[in-house]
Each structure stands twice: as C-alpha cells, then as structure tokens.
Amino acid sequence: LYSVHHANPVHTHTRHTHTHDMHGAAMMPSRRTVRREAGIRAHRGGASTVRGCVVVATVLAVWTAGASSTAPPDLTSSLIGSSSPDHSCYYWVVSGLGCTPGSTAGAVAKCLACAEAHNATLKQEGCTQPLINSACHGVLPPTPPRPPTPPQPGAMTLTLLTEAAAEKGAVCLDGSPPGYYWRAGVGDDATKFLIVFNGGGWCKGLTAEAVGIDCASRATTTLGSSKEWASELYPDAHGVDNPNCTVNPAFCRWSIAYIYYCDGVSFSGDLEPAVSVPGAKVDKIYFRGRRVMEANINDLLVHRGLDTATAVVLSGHSAGGLATYLHADGVRALLPPSLPSYRAMPDAGFFLDLPDVTGELYFGTGMRATWAVANATGHLNAQCVAGHTVATDCLFPQHFAPYIKTPLHVIQSQYDSAQLSMILRLPCSPPKGTCNASMLAAFLEFGATSKVIANSSGLYSGAVDRAIWTDACVAHTQGYYGDYYDNPAWEVPAGSGMTLAKAVDGWLTGAATGLEAAHIDSVTWPGNKPCASAGDLVSL
C-alpha cells in the first residue's frame with residue numbers, strides 16, 4: 001500500500017496533439033511509492049514499517065487468532081492505499097479483511113456483515129460507519145492533496161498516446177490514453193534502450209463478476225487510469241533506472257522508456273467490447289493491454305529512435321516482470337530484424353502456480369479468472385499451450401520459460417515476499433520471528449520448491465542465453481525498489497562482493513557468461529546472514 005506524493009507540475013507531452021496537460025492538483029505518486037509492500041521498506045541494517053498501512057502479517061494474525069471463522073482475507077487484491085484515514089479504512093475493509101463491495105442491496109449487506117465481524121479492528125484503525133458504508137458500496141475516497149515533491153535529477157517525462165487511444169483503441173481500464181515516461185540517453189549510449197514494464201499487481205477475483213468489480217475499482221486509480229499521472233517520474237535511489245553510474249553502471253547512460261501500467265493484466269488483455277460493471281464509479285472497463293504495449297513500442301520506433309537502436313533490454317518488475325516473461329519474444333518481433341542486440345531482464349516476475357498453506361490453489365484460480373475475462377489466452381506461448389491440457393497454465397513462467405527464445409537475466413528472490421503473502425498466504429513473518437514450527441516449515445519448503453522449479457525451467461542452467469541472480473532472503477523487486485541493488489548486505493553469496501548491480505553489469509558487458517553469470521544462493525534461509533533479518537511479507 002502506498003502514500004500519494006505529487007510531482008512538480010511541468011508540461012506533459014501528448015503525442016500528435018498540440019495540447020499540454022498541467023497536473024497541478026491530484027498527482028500520481030512517484031514510482032517508488034507505487035510499490036505496494038504494506039509500507040515496508042528494506043534498509044541497510046533492517047526494515048521499517050509505515051504507520052497506517054495494512055501489514056499483511058498483522059491482518060492474517062487477526063484471522064488466525066479467531067477473529068473470523070470465514071476464509072482468510074483476500075491478499076491477492078491489487079487495490080492500492082494511502083495514509084489518508086478515509087483510504088486506510090477503505091483498504092482495511094476491501095483488501096485487508098476481504099469484504100467484497102457490491103452494487104446490489106444484498107451484496108452491500110453481505111459486505112457490511114463481514115465488516116461488522118471485524119468491528120473492533122476497524123474502530124482501532126479509525127474507521128467510522130459512514131466510511132465503512134462507502135467501502136461496501138465500492139466508493140473509493142478521493143485522493144487527498146499533498147505538497148509538491150522537489151525536483152530530482154534524472155526525471156523521466158510523460159508522453160501520452162492520445163492518437164493511439166482514439167484510432168487503435170489502445171486505452172487504460174477506464175478508457176483514458178496510455179503512455180510512457182522517457183529519458184534520453186547520453187553520448188554513444190543514447191542508441192541503447194532500456195524498456196521497462198511498470199509493475200502493480202493484477203486486478204482479480206475468483207469469479208468473472210469479482211474480477212469486474214476489482215478492475216472497476218482499479219480503474220479509479222493511477223494503475224487503471226492515466227487521468228492523474230504525474231508529468232514526471234523520478235528514478236529510484238538504488239535501482240536500474242538511476243542515472244548515477246556509481247549506483248547503476250550498467251544502464252546509467254542508456255535511453256529509458258518506462259511504460260506505465262494501467263490495464264491490470266500485465267499488458268495482456270485483448271478484448272474488443274467494454275465490460276459493464278453496474279453501479280461502479282467507472283462502470284465500463286477496457287481490457288486492451290496488448291494494444292497498449294504495441295502502441296508504446298510503436299511510438300518509440302517512430303519518435304524516439306528505437307528503429308535505429310544498437311541494443312535493447314526489455315525489463316519489468318513484479319507484474320511488469322511477469323509481462324517481461326510473457327512478451328519478451330513478442331516485443332522482439334515488433335523491432336527491426338537488424339537490431340544487433342536484444343535481451344530481457346525480468347525482476348520478481350516468476351510467479352509460481354502453487355497452493356497456499358491450506359492446499360488451496362487460491363492465487364492461480366484468481367489469475368486464471370482474470371486472464372479469461374480479459375480474453376488474453378490467445379497470446380500465450382504456443383509451444384507451452386501445445387504441451388498442456390489447461391492453456392492458462394501457460395500464463396505462469398514455470399511452464400513456459402523453457403520456450404522463451406530471448407536471452408534472459410532473471411532477478412528473483414527464492415523467498416519472494418509478495419508470493420509468500422499472495423500465493424503461500426503465510427500468516428506470519430519469518431524475518432520477524434512470528435512463525436510457529438509448521439508455518440516456518442511451509443516457508444522453507446516454498447523456498448526450496450521455488451529453486452527446484454526455477455532450475456527445471458532452465459533458469460539455473462548456466463547456458464549462454466540464461467543468467468540469473470537469486471538470493472536466499474525475503475524480498476520483492478530488487479532491481480527497482482528499496483535498498484537492494486548496490487547494497488553489500490545483499491550479495492550472492494554473502495561476503496562475495498557480488499551485488500545485483502555488479503551481476504547485471506557483468507552480464508550486460510559480456511564480462512560474465514554461462515555459469516559465471518549464474519549467481520545462485522546455495523544456502524537456505526537464514527543462511528545468507530547479512531540480509532536474513534531484512535524484508536517482510538508484502539501484498540500487491
């Protein structure tokens with residue numbers, strides 16, 4: 001969950017129009033804040049928690065203590081929150097407690113009954129009855145105003161694709177135009193492109209109706225609409241998009257196009273008609289992620305020099321990391337055949353098709369439901385589909401990674417903090433020492449299984465077209481957020497001097513290939529001592 005920050009209002013470029021959009025009021029948060037880690041940030045020497053955000057372990061602890069006899073809360077929700085009391089209440093009801101809002105009297109009554117069962121918790125969080133009523137009606141409070149963010153170096157400037165929206169139907173969930181943030185490269189590296197898919201979870205549910213409600217809620221946010229996108233996006237202090245060559249030697253001088261995420265299905269939806277969601281604030285939503293992706297790539301080819309690029313790396317984090325796996329080969333087909341070098345670097349996108357601690361395939365069921373509603377199945381890897389009875393198995397990289405032709409550098413924690421909460425639905429935090437023996441065993445088994453699956457998918461092979469950096473600590477999106485990328489506390493193996501930044505640079509320059517580019521923590525948690533106590537569970 002994140003707090004909303006505002007950027008200084010500067011001109012926003014809208015492709016093929018002569019208008020400029022001045023965002024002086026409700027601004028999109030900086031990309032760092034879009035990371036929904038329940039307010040948790042890893043720091044050198046530990047982690048901190050932001051007051052007012054839903055900490056997954058806390059919510060689950062309430063449930064496991066007997067506060068509810070129903071199913072555990074839906075931690076797969078992709079809704080986002082803020083430090084506003086109104087917003088905190090909304091996300092406690094909808095995301096933290098799993099009470100489903102509705103548009104009919106019966107559905108609203110069911111949601112209110114669910115909230116009433118957790119009345120003590122909601123009162124503690126400052127939730128009044130009017131706020132609970134609004135949440136159960138699916139009404140998202142308006143984003144409170146925030147002071148402007150001071151200018152920062154290396155800012156990327158927004159380009160909105162208004163013509164592509166009008167002519168090709170390439171639109172966000174709410175029908176607004178998509179776009180990307182751009183920063184031109186420096187010197188000889190200006191012809192080298194880092195293209196990034198932004199992350200932000202999925203909108204989903206266990207049924208088509210639930211998917212519609214969740215996606216309609218997302219359509220009122222900056223992850224489903226471009227209406228309040230900031231005119232500038234600032235790089236992370238420790239990450240792949242930072243222009244500081246000490247922090248980021250690999251990409252600091254490259255041109256970067258940061259494709260912003262607003263379709264809710266990893267740039268994969270391909271549905272022509274709008275989906276009606278009666279009673280929702282945005283009552284017609286569009287699943288056009290495939291068109292959004294192609295429109296962005298086309299604009300880069302026509303207007304940014306991508307057609308004469310000398311090197312391209314496609315990357316992305318979280319849901320954008322999944323998009324990188326899904327679309328690596330497809331994006332290559334959109335680029336000139338003469339492109340000398342093309343590779344992909346997915347970060348924290350290797351989402352697993354595994355059951356939770358109760359044995360239920362909860363996460364996978366929700367993902368498959370959204371995939372079906374968005375009509376995305378036709379874009380799955382054909383070789384994978386041919387080898388699987390259920391085609392939607394092939395939306396999970398463990399099933400189709402062996403068929404990806406594009407050279408990869410994988411960034412993936414063995415104990416991915418988002419997957420621990422969303423897939424395993426672990427009701428405790430190993431780094432904080434709150435797990436009992438059985439839950440700790442489930443946690444360790446999940447890490448061991450993730451290594452086995454990644455290895456069987458060819459990611460550990462040491463092949464010339466496969467590189468990997470995988471640590472045995474609890475983390476999510478280590479190339480773009482937090483204090484992981486160049487931090488000596490996060491080395492593989494511990495004490496080796498091999499940070500993620502060095503590993504990526506070695507892969508990119510060709511200094512490390514094959515097994516030399518396979519940086520795999522051989523220990524199990526907490527064997528990598530410097531980072532073992534950092535991190536915590538997160539929910540997207």
Side-chain angles (χ1 to χ4, degrees), residues 11-18 154-171 177-198 226 232-233 235 240-241 243 248 250-263 266-268 270 288-316 320 323-346 379 404-409 465 507-510:
H11 284 90
T12 300
H13 301 291
T14 55
R15 182 65 65 209
H16 310 309
T17 73
H18 297 288
M156 294 164 272
T157 304
L158 176 64
T159 293
L160 286 174
L161 306 182
T162 55
E163 186 174 277
E167 297 183 0
K168 300 180 180 179
V171 293
Y180 62 90
Y181 289 86
W182 168 257
R183 186 179 69 225
V186 179
D188 293 341
D189 286 342
T191 59
K192 300 174 182 177
F193 283 68
L194 174 65
I195 301 174
V196 182
F197 288 133
N198 183 47
S226 65
E232 289 188 337
L233 187 66
V240 173
D241 59 354
N248 178 33
F251 297 105
C252 60
R253 294 166 55 88
W254 283 41
S255 295
I256 179 169
Y258 202 97
I259 300 178
Y260 221 77
Y261 182 37
C262 66
D263 75 289
S266 290
F267 301 91
S268 299
D270 193 13
R288 304 279 182 80
R290 183 78 178 190
R291 298 186 205 186
V292 167
M293 178 186 71
E294 293 176 353
N296 276 283
I297 296 298
N298 182 69
D299 198 83
L300 294 171
L301 287 166
V302 174
H303 298 283
R304 299 298 189 185
L306 182 59
D307 58 324
T308 57
T310 56
V312 173
V313 171
L314 181 71
S315 186
T324 305
Y325 284 109
L326 287 166
H327 304 307
D329 291 349
V331 169
R332 178 63 186 91
L334 299 174
L335 303 178
S338 58
L339 175 65
S341 174
Y342 176 79
R343 291 184 272 184
M345 189 175 69
H379 299 295
I404 297 175
K405 298 176 182 178
T406 301
L408 298 176
H409 185 294
D465 63 345
W507 167 72
L508 194 64
T509 61

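Worth knowing before you read on, the calculation uses all heavy atoms, side chains too, and leaves out hydrogens, waters and symmetry mates.
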Determine, stepwise, if the pair Asp241 / Val196 fulfils side chain to side chain contact (heavy atoms under 4.5 Å, CB included).
CA-CA 9 Å; Asp241 59 354; Val196 182; 5.9 Å; no
Can Arg332 and Leu339 be said to form a side chain to side chain contact (heavy atoms under 4.5 Å, CB included), step by step?
CA-CA 9 Å; Arg332 178 63 186 91; Leu339 175 65; 3.8 Å; yes
Given side chain to side chain contact (heavy atoms under 4.5 Å, CB included), test Phe251 with Asp189 step by step and report yes or no.
CA-CA 9 Å; Phe251 297 105; Asp189 286 342; over 6 Å; no
For the pair Ile297 and Ile195, evaluate side chain to side chain contact (heavy atoms under 4.5 Å, CB included) and give the outcome as yes or no after the intermediate values.
CA-CA 9 Å; Ile297 296 298; Ile195 301 174; 4.2 Å; yes
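Atom OG1 of Thr159 sits about 4.0 Å away from atom OH of Tyr180, to the nearest 0.5 Å. Between the OG1 atom in Thr308 and the CG atom in Leu301 there is a gap of 9.5 Å [rounded to 0.5 Å]. Note that CG of Asn298 is 10.0 Å distant from CD of Glu163, once rounded to the nearest 0.5 Å. Distance check: Met345 CE to Leu508 CG gives 8.0 Å after rounding to the nearest 0.5 Å. Taken from CE in Met156 to CG in Leu233, the straight-line distance is 4.5 Å, to the nearest 0.5 Å. One finds the CD1 atom of Ile259 at 10.0 Å from the CG atom of Asn198 (value rounded to the nearest 0.5 Å).
Between Trp182 and Thr157, every side-chain heavy-atom pair lies at or beyond the 4.5 Å cut-off. At least one side-chain heavy atom of Met293 sits under 4.5 Å from a side-chain heavy atom of Val331.
Using a distance-only test at 3.5 Å, with no hydrogens or angles considered, a donor-acceptor pair links the side chain of Ser268 to the main chain of Ser266. A donor-acceptor distance shorter than 3.5 angstrom exists from the side chain of Tyr342 to the backbone of Ala328, with no hydrogens or angles considered. Of the possible donor and acceptor atoms, one in the side chain of Asn296 sits under 3.5 Å from a partner among the backbone N and O of Val292. Between the Asp329 side chain and the Thr406 main chain, a donor and an acceptor come within less than 3.5 Å of each other.
Listed here is the closest heavy atom pair of Pro346 and Leu408: CD-CD2, 4.4 Å. Nearest approach of Pro243 to Pro235, heavy atoms of both residues: CD-CG, 3.8 Å. Across all non-hydrogen atoms, the minimal contact from Ser315 to Leu194 is CB-CD1, 4.0 Å. Between Arg291 and Ala170, the shortest heavy-atom distance links the atoms O-CB, 3.6 Å. Pairing each heavy atom of Val312 with each of Leu306, the nearest pair is CG2-CD1, 3.7 Å. Closest approach of Asn248 and Val240 over heavy atoms only: ND2-O, 2.7 Å.
Ring geometry, Tyr260 versus Tyr258: the interplanar angle falls from 30° to 60°, so the pair is classed tilted. Between Tyr261 and Phe267, the angle of the ring planes lies from 30° to 60°, which puts this pair in the tilted group. Taking the six-membered ring where the residue is Trp, Phe197 and His327 present perpendicular rings, their angle passing 60° and hence far from 30°.
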